[in-house]
Amino acid sequence: MNFHTRKWVKPEDLNSNNTLFGGRLLAWIDEEAALYSIIQLENAHVVTKYMSEINFMSSARQGDIIEIGIEVVKFGTTSIVLRSEVRNKMTHEMILTVSNITMVNLDENGKPKPHHKKEVEYVKNRINLKK
Ligand SMILES: CC(=O)SCCNC(=O)CCNC(=O)[C@H](O)C(C)(C)COP(=O)(O)OP(=O)(O)OC[C@H]1O[C@@H](n2cnc3c(N)ncnc32)[C@H](O)[C@@H]1OP(=O)(O)O
């Protein structure tokens, strides 16, 4: 799993228990899943369809640096299914896992559109291919 994104837990991210608010973390994961899918599918029109159970395993506190990992579980016809893990950057303590995030590739009318992708691609390879 690649951990592309780091976040710094700030006062505005806390709940009344003084730990990282779960809703804030889910928003970060949703954005990460959307960015990952847009890059993989080469289409800006990708939406979140489904998220499986979310396991909050440990808390993060103010000042903690956390990192968000994403990997592909499956390329569907119009969908891409992802898995996410969030962990403490310094200790690698697991904070959260989501086993299934289904993102759907859309056409200009907001209807599901086949993406024809079968495997993970790297932007640098796409750029090199065009040279
Ligand atoms: C990043 C963001 O913030 S996005 C904002 C939040 N998300 C949204 O607003 C999305 C709202 N939902 C929608 O617009 C619609 O449900 C759509 C367009 C995403 C999908 O419409 P559907 O009628 O379900 O489409 P359809 O039945 O063709 O399924 C599309 C794909 O989703 C998959 N899918 C559909 N329902 C589910 C489900 N409950 N769980 C998992 N996957 C599902 C299908 O298997 C299919 O994948 P495949 O083509 O790879 O086999």
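Atoms within a ligand are numbered from 1 in the order they appear, just like the ligands themselves.
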Side-chain contact test, heavy atoms from C-beta onward, threshold under 4.5 Å: evaluate it for Lys113 versus Leu106 and give yes or no.
no
Close-contact set for ligand 1 against Gly76 heavy atoms, below 4.0 Å
50 (O)
Does atom CD of Glu71 have more than 12 heavy-atom neighbours from other groups under 6.0 Å away?
yes
Atom 27 (O) of ligand 1: any protein heavy atom closer than 4.0 Å:
no
Would Tyr50 count as a polar contact of ligand 1, with the cut-off being nitrogen or oxygen pairs under 3.5 Å?
no
Looking at atom 41 (C) of ligand 1, is any protein heavy atom nearer than 4.0 Å to it?
yes
CZ (Phe56) with more than 12 external heavy atoms under 6.0 Å
yes
Considering heavy atoms of the protein only, find what lies nearest to atom 14 (O) of ligand 1 and give residue, atom and distance to 0.1 Å.
Val47 CG2, 4.8 Å
Are Val46 and Val72 connected in the hydrophobic side-chain network, where two residues link if heavy atoms are under 4.5 Å apart?
yes
pair Glu85-Met1: side-chain heavy atoms closer than 4.5 Å
yes
What orientation do His115 and Phe75 show, parallel under 30°, tilted 30 to 60°, or perpendicular over 60°?
perpendicular
Going by heavy atoms, is Val81 under 4.0 Å from ligand 1?
no
For atom 11 (C) of ligand 1, the protein heavy atom that lies nearest, with its residue and separation:
Thr48 O, 4.7 Å
Atoms of ligand 1 under 4.0 Å from any heavy atom of Leu106, numbered from 1 in the order shown, are 18 (C)
So the atoms of ligand 1 within less than 4.0 Å of a heavy atom of Ala34 turn out to be 1 (C)
